[in-house]
Amino acid sequence: MKSSPHRHTAAVINLENIAENINRVRGHLPGQPELWAVVKANAYGHGAVRVARHIHDMVEGFCVSNLDEALELRQHLITQPLLVLSGIVPANVDLARANGISLTCPSLEWLELIIEEHQDLTGLKVHVKVDSGMGRIGMRSADEVNQVIRLLDQEGMQFEGLFTHFATADEANPDKFEQQRQTFDNLVSQLERRPRYIHSTNSAAALWHSEQVGDIERLGIGMYGLNPSGEAIELPYELKPALSLVSELTHVSKIPKGETVGYGATYELAEDSYVGTVSIGYADGWTRDMQGFYVLVNGKKAEIIGRVSMDQMTIKLDKDYKIGTPVTLIGRDGDEEITAQDIANWRKTIAYEVVCLLSDRIYRKYIG
Ligand SMILES: *Cc1c(COP(=O)(O)O)cnc(C)c1O
């Protein structure tokens, strides 16, 4: 979708907050792990290229979810190590090799496929994925992992890393985390050969299980200043949200009592009201279930009334306002604040989804 910089609506990304969050997390990690910033999904909606450029010298590498995300960073002259966290289409492995991009090997089967499809894989950098209990991708037996390692060596590939991923590092109950940790440690103890990097931790693990951080911390949501657990566990130290979402009133109408607002006529005005229009809708990732929630205008809550349309929505104002009056959808206005978590709670989802869903149409404006 086309980014729309000439519109009233923008996501404002505070790059300094991201940098501070990285420093803060690093300061709390024991040992000297490398920090690889997770900038998949356009840096969780924050803009992968701009974020990566800003923190380039603060981290040792970047993680992305697919080859195209990695290539985008390379095209923008990001020279750090890049790791693709998901399995990629076997036929495209050459592209990774040519661009010095590290790949995840999720199974022996995948490795055999890429060997079948490519004459020469010399130097391809590979991180071997262990499924210690997430049940998504990765190998579950030491035997399979050792076969993979032998095959990597045989084909002249670089066995750069071995890693796993925790399913419940963001939960108060540590049982499943402990189980996964033991499964992983047990498998690592049976390795025929250790790679340069063994790693397992995401943001939640770094925050609440920092002793588990190995050679690399894969830092995602925490760097954007959001609590991975939602409200389940308090952050052990402050992180600063990096994204706010702002707009302006495009129109204000005085509409009489008894009239309805929006598609489906789902909202009937109980009194003569000032109704404001805001240029954001479900095509921006501002989903229809936001009806009934609120935004901030002039430091006060203004309810979202009527259906959220594709490109616009309507809010109930306490008085008449001029076109161009600021509207805050995520962020602070005076004494009031709306966080991505507040929106996640309203939608019964997680803050990750709220920021990731903000579509490309929303212009990203950078400060710091
Ligand atoms: C997304 C992801 C991360 C980062 O997770 P956060 O919770 O955002 O820190 C780390 N590792 C893997 C394998 C991932 O897919």
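Just the heavy atoms: all of them, side chains too, but no hydrogens, waters or symmetry mates, feed the values below. As the structure lists them, so they are numbered: ligands from 1, and atoms in each ligand from 1.
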Inset, instruction - Side-chain contact test, heavy atoms from C-beta onward, threshold under 4.5 Å: evaluate it for Ile315 versus Leu249 and give yes or no. - result: yes
Legend entry - Flag side-chain contact, heavy atom, 4.5 Å: Ile367 against Leu15: no
Considering non-hydrogen atoms of the protein only, which is the closest contact for [atom], and what is the distance?
{"atom": "atom 1 (C) of ligand 1", "answer": "Lys40 NZ, 1.4 Å"}
{"atom": "atom 4 (C) of ligand 1", "answer": "Tyr44 OH, 3.5 Å"}
{"atom": "atom 12 (C) of ligand 1", "answer": "His165 CE1, 3.3 Å"}
{"atom": "atom 9 (O) of ligand 1", "answer": "Ser203 OG, 2.5 Å"}
{"atom": "atom 7 (O) of ligand 1", "answer": "Tyr352 OH, 2.6 Å"}

Please indicate whether any nitrogen or oxygen in [X] is less than 3.5 Å from any nitrogen or oxygen in ligand 1.
{"X": "Pro228", "answer": "no"}
{"X": "Gly220", "answer": "yes"}
{"X": "Lys129", "answer": "no"}

Legend entry - Residues, nucleotides or ligands: over 12 heavy atoms within 6.0 Å of Arg194 CZ: no
Inset, instruction - Could you name the option among Glu217, Arg218, His199, Met134 that has the heavy atom nearest to atom 11 (N) of ligand 1? - result: Arg218
Inset, instruction - Output the list of atoms in ligand 1 that are nearer than 4.0 Å to some heavy atom of Arg136, sorted by atom number. - result: 15 (O)
Legend entry - Chi angles and distances behind the side chain to side chain contact (heavy atoms under 4.5 Å, CB included) call for Trp36, Glu34: CA-CA 6 Å; Trp36 289 30; Glu34 292 196 5; 3.0 Å; yes
Inset, instruction - Check whether the side chains of Trp110 and Glu112 place a donor and an acceptor atom closer than 3.5 Å, and report yes or no. - result: no
Legend entry - Partner residues of Phe62 under the ring pair (Phe, Tyr, Trp, His ring centres under 6.0 Å) criterion, sequence neighbours left out: none
Legend entry - Quiz item: cation-pi between Lys319 and Tyr321, 6.0 Å / 45°: yes
Legend entry - For ligand 1, the portion of Val38 having any non-hydrogen atom under 4.0 Å away: side chain
Inset, instruction - Record the part of His127 in heavy-atom contact with ligand 1 below 4.0 Å; permitted values are side chain, backbone, both and neither. - result: neither
Inset, instruction - Please assess Lys300 against Asp333 for the test salt bridge (Lys or Arg N to Asp or Glu O under 4.0 Å), listing each intermediate value before the final yes or no. - result: CA-CA 8 Å; Lys300 288 182 287 243; Asp333 180 3; over 6 Å; no
